[in-house]
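Residue numbers count from 1 along this sequence.
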Amino acid sequence: MKVKINRNAAKQLKKMLETEEAQGKMIRVFVEHVHGDHAHYGISYDTPSEHDEVVKTDKDVDIILDTRDREWLDGIWIQFFFVPEEEFIVTNPSKGHHHH
């Protein structure tokens, strides 16, 4: 599976991984819910399980994805914006729609 991350998102994710809460864990991107032709995504700390694939990105951050949600997770793009507010936006360009 593929994951793209912009530079800001990589910086933020690395900061998150340095927190106590993240000790020994990795970043997971998951599908919160699906609305017909698009999904809403969440980000959490986790450790990989049997259904997961750990995807290496070109920004030195590994992302855990659940292979059972491959349709929605393969090809996601994780971005972080500072304006209008600080937030991650995860989109899947292959799905033609994007959502926060």
Side-chain angles (χ1 to χ4, degrees):
M1 292 204 275
K2 288 196 172 78
V3 176
K4 272 175 37 179
I5 301 185
N6 77 356
R7 202 178 297 127
N8 286 345
K11 273 191 203 146
Q12 293 300 320
L13 291 171
K14 283 176 186 170
K15 266 190 214 164
M16 286 166 62
L17 287 168
E18 286 165 8
T19 62
E20 237 174 273
E21 202 184 338
Q23 286 293 294
K25 298 198 172 159
M26 298 166 73
I27 298 289
R28 172 185 294 279
V29 175
F30 59 94
V31 174
E32 284 187 325
H33 48 265
V34 173
H35 286 292
D37 59 356
H38 66 270
H40 293 250
Y41 300 93
I43 295 175
S44 65
Y45 301 120
D46 207 354
T47 49
S49 71
E50 58 181 306
H51 297 288
D52 294 324
E53 185 177 324
V54 175
V55 179
K56 296 200 175 308
T57 69
D58 62 354
K59 301 280 191 297
D60 257 4
V61 179
D62 294 344
I63 305 291
I64 305 172
L65 300 178
D66 189 327
T67 56
R68 293 167 298 184
D69 285 327
R70 176 182 299 274
E71 178 192 352
W72 300 103
L73 291 171
D74 190 20
I76 55 171
W77 190 19
I78 306 168
Q79 299 175 81
F80 185 86
F81 295 99
F82 292 97
V83 290
E85 58 190 289
E86 292 200 8
E87 65 178 341
F88 282 102
I89 296 183
V90 180
T91 59
N92 192 333
S94 70
K95 289 293 174 195
H97 284 79
H98 70 274
H99 265 272
H100 302 212

Would you compute the distance between atom CG of Leu65 and atom CE of Met1 and round it to the nearest 0.5 angstrom?
4.5 Å

Take atom NZ in Lys2; do more than 12 heavy atoms of anything else shown fall under 6.0 Å from it?
no

Are the charged groups of Asp62 and Lys56 less than 4.0 angstrom apart, N to O?
yes

Exercise: do Asn92 and Ser94 side chains pair donor with acceptor under 3.5 Å
yes

Answer yes or no: is there an ion pair linking Arg28 with Asp52, defined by an N-O contact shorter than 4.0 Å?
yes

Sub-3.5 Å donor-acceptor pair from the side chain of Asn6 to the main-chain atoms of Phe80, do we have one?
yes

What one should report as the nearest heavy-atom pair of Ala9 and Ile78 is CB-O, 3.5 Å

Answer with yes or no whether the hydrophobic clustering places Phe82 together with Ile43; edges join I, L, V, M, F, W, Y residues whose side-chain heavy atoms lie under 4.5 Å apart.
yes

Any donor-acceptor pair under 3.5 Å from Thr57 side chain to Lys59 backbone:
yes

So, Thr67 side chain and His51 main chain: donor-acceptor pair closer than 3.5 Å or not?
yes

So Lys4 and Ile76, side chain to side chain contact (heavy atoms under 4.5 Å, CB included) or not? Walk me through it.
CA-CA 6 Å; Lys4 272 175 37 179; Ile76 55 171; over 6 Å; no

Would you compute the distance between atom CG of Asp66 and atom CD of Glu53 and round it to the nearest 0.5 angstrom?
10.5 Å

Any donor-acceptor pair under 3.5 Å linking the side chain of Asp69 with the backbone of Trp72?
no

Would the distance check show the side chain of Tyr41 and the main-chain N or O of Leu73 forming a donor-acceptor pair, the cut-off being under 3.5 Å?
no

Side-chain contact test, heavy atoms from C-beta onward, threshold under 4.5 Å: evaluate it for Met16 versus Phe88 and give yes or no.
yes

Side chains of Ile64 and Phe30 in contact at under 4.5 Å (non-hydrogen atoms)
no

Other residues, nucleotides and ligands only: do more than 12 of their heavy atoms fall within 6.0 Å of CD on Glu21?
no

Distance in Å, Leu13 CG paired with Asp60 CG, rounded so as to fall on 0.5 Å steps
12.0 Å

Give the minimum heavy-atom separation between Gly75 and Pro93, together with the two atoms involved.
O-CD, 3.3 Å

Which class fits the ring pair His33 and His35: parallel under 30°, tilted 30 to 60°, perpendicular over 60°?
perpendicular

d(Lys11 NZ, Ile5 CD1) to nearest 0.5 Å is 13.5 Å

Once you round to the nearest 0.5 Å, how far does CG of Leu17 lie from NZ of Lys25?
11.5 Å

For the OH atom of Tyr45 and the CD1 atom of Ile27, what is their distance to the nearest 0.5 Å?
5.5 Å

Do the non-hydrogen side-chain atoms of Val54 and Met26 ever get within less than 4.5 Å of each other?
yes

With heavy-atom distances below 4.5 Å as the criterion, would you say the side chains of Gln79 and Thr91 are in contact?
yes

